[in-house]
Amino acid sequence: MEASAQSRKEQAGDFESPGPTLTFSNISYAVNLKKTFSIKKGEEKWILQNVSGIMKPGMNALLGPTGSGKTSLLDVLAHRKNPKGIKSGQVQLNGQFVDSSSHQPSAYVVQDDILMGTLSVRENLEFSANLRLSKKEYNAEERQKKVNEVIQELGLQDCASTKIGTEFLRGISGGERKRCSIGMELITSPSLLFLDEPTTGLDANTANSIMHLLYMLSRNSRTIIFSIHQPRYSIFRLFDSLTLMNKGQIIYQGPGAEALDYFTEIGFKCEPYNNPSDFFLDVINGAVTSSLETPNSGVNISCMSKVKDYLTLFLRLVIHPCYRQYKFILNRHENSSGYYRTSAYFLSKILIDLIPNRIIPIFGLAAISYFMIGLKEDVTSFFLFILTISLTSLAAVSLAFFVSASANTFAAANALIAIPYVLMMVFGGFLVNLNGMLNWLSWLKWISIFRYGLDALAINELKGQIFYSNLTLFYGEAYLDQQGINHSTWGFWQNEVALFCMTIVFMFLAFVQLLTVNKWK
Ligand SMILES: Nc1ncnc2c1ncn2[C@@H]1O[C@H](COP(=O)(O)OP(=O)(O)OP(=O)(O)O)[C@@H](O)[C@H]1O
């Protein structure tokens with residue numbers, strides 16, 4: 001591979017003049033799987049998911065197993081896909097935004113050559129020139145000159161007068177056919193050339209010569225972007241940039257010569273004499289496994305969704321006993337009337353009940369379960385976890401105090417207490433994604449103890465973590481953003497402040513209610 005790196009370095013400086021740079025960000029593309037003749041909207045199939053990257057001047061290869069989304073990405077970049085299916089993302093050419101309405105100096109060579117078999121190579125090229133070059137800019141002589149230039153550039157002189165060929169008519173070879181197809185597009189002098197699998201159906205030598213031709217074109221003011229299936233090593237060496245795709249996502253983008261080093265770093269070693277492109281496909285298919293358990297600092301992506309489940313379960317464990325709290329307070333304040341002042345009862349309740357019954361058990365529970373669940377191994381995070389759980393528990397128990405103090409009978413308290421808890425649970429962010437909630441109900445999230453608790457726990461756990469799926473990295477922050485959770489420092493502490501304020505407010509209201517109950521008795 002050192003030899004290849006060396007040759008790449010040599011090639012780096014061989015641009016006569018560089019082509020344009022194409023960048024794309026957060027491209028998501030989906031198709032609607034509507035049944036034929038059905039009026040109902042079908043299910044959406046996501047084909048590209050938030051892909052971003054850069055295609056620099058030179059040879060840009062898109063590689064991946066079949067169905068990984070190479071052609072779809074190529075089509076989206078070339079603005080050949082229905083804009084309705086493009087759910088997000090932008091494409092820029094040399095820093096300028098482009099869309100399907102922009103005039104892009106690009107051309108697209110499709111996989112199946114569209115040539116007229118009964119015409120010769122020259123006639124096909126003339127056909128393209130006559131239809132596609134404006135008569136105002138190019139007169140007949142100039143159009144002919146352009147055709148000659150293309151024939152010259154693609155090395156088609158020997159077969160220029162030979163017919164392309166049909167089922168019944170023997171014509172030019174497969175390689176010449178592909179060259180002619182490329183020529184049909186080069187007639188318009190595009191600076192950006194897209195090709196969908198230009199080597200498919202060609203034998204090894206012809207594929208090699210087509211790729212060398214593209215390489216030569218890429219050195220002369222053209223950026224070449226193409227999808228390709230299992231290229232041999234001599235072709236792989238020609239790639240300036242490699243984009244590896246799997247299941248609609250990009251798993252590597254960077255210089256072709258550095259791809260092997262990247263995979264070695266994350267534990268996938270290519271055996272000597274193995275073709276790098278075969279090796280990459282083996283890695284994607286799972287035929288080669290990593291010698292590292294996880295990428296340096298990463299955690300398996302499946303943990304990301306589990307984290308939230310665990311945190312919710314934990315919250316429920318802590319909050320459920322609070323829900324039952326009303327039984328005690330109801331009994332107590334009925335019995336205590338006349339024996340001691342309400343304030344004495346209330347204070348003793350806080351000191352004796354809240355601290356030993358709520359906070360201390362949380363320490364014990366957290367100390368055991370925090371590490372068993374496999375949450376972040378970090379002292380600060382552990383104590384912030386305990387603080388959040390404690391404040392959530394205190395807020396929930398204060399609410400239970402308030403509801404039970406407001407009800408005259410046990411049955412009423414029993415019925416009343418369920419309402420706020422159910423509402424808070426529904427609008428806590430676990431059952432429903434709060435971003436997708438009806439606008440007029442969105443205010444409910446601001447009074448949900450569950451939400452504050454869950455948001456604080458999610459930030460504490462996910463911020464700064466990197467998860468991976470196959471070889472794609474996901475940042476905890478990206479997940480929090482997707483859930484609409486503010487993960488700044490204040491974003492975390494505002495949840496703690498809200499829980500604290502709710503505790504104080506509910507305690508105060510509970511005390512006021514207790515005073516009223518006592519007076520009535
Ligand atoms: N219009 C469509 N309707 C349904 N599924 C589609 C549509 N277009 C693409 N797909 C699916 O999207 C996935 C990606 O397709 P795409 O043609 O981009 O893959 P590819 O990597 O180019 O595959 P190949 O190498 O076999 O050409 C495939 O599973 C394909 O079946």
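Note that ligands are numbered from 1 as they come in the structure, with each ligand's atoms numbered from 1 the same way. It should be emphasised that the depicted structure is a prediction, and the values quoted were computed from it without experimental measurement.
Near ligand 1, residues Val31, Leu33, Lys45, Ile47, Pro65, Thr66, Gly67, Ser68, Gly69, Lys70, Thr71, Ser72, Glu197, His229 each place a heavy atom inside the 4.0 Å sphere around the ligand atoms.
For the pair Val283 and Phe263, the minimum side-chain heavy-atom distance is below 4.5 Å. No side-chain heavy atom of Leu454 sits less than 4.5 Å from a side-chain heavy atom of Asn495. When side chains are defined from C-beta on, Leu217 counts as touching Glu153, because their heavy atoms get closer than 4.5 Å.
Using a 4.0 Å cut-off between charged side-chain N and carboxylate O, Arg179 and Glu176 make no salt bridge.
For Asn208, the side chain to side chain donor-acceptor pair (under 3.5 Å) criterion is met by Ser234, not counting sequence neighbours.
Classified by interplanar angle (parallel below 30°, tilted 30° to 60°, perpendicular above 60°), the ring pair Phe236/Phe239 is perpendicular.
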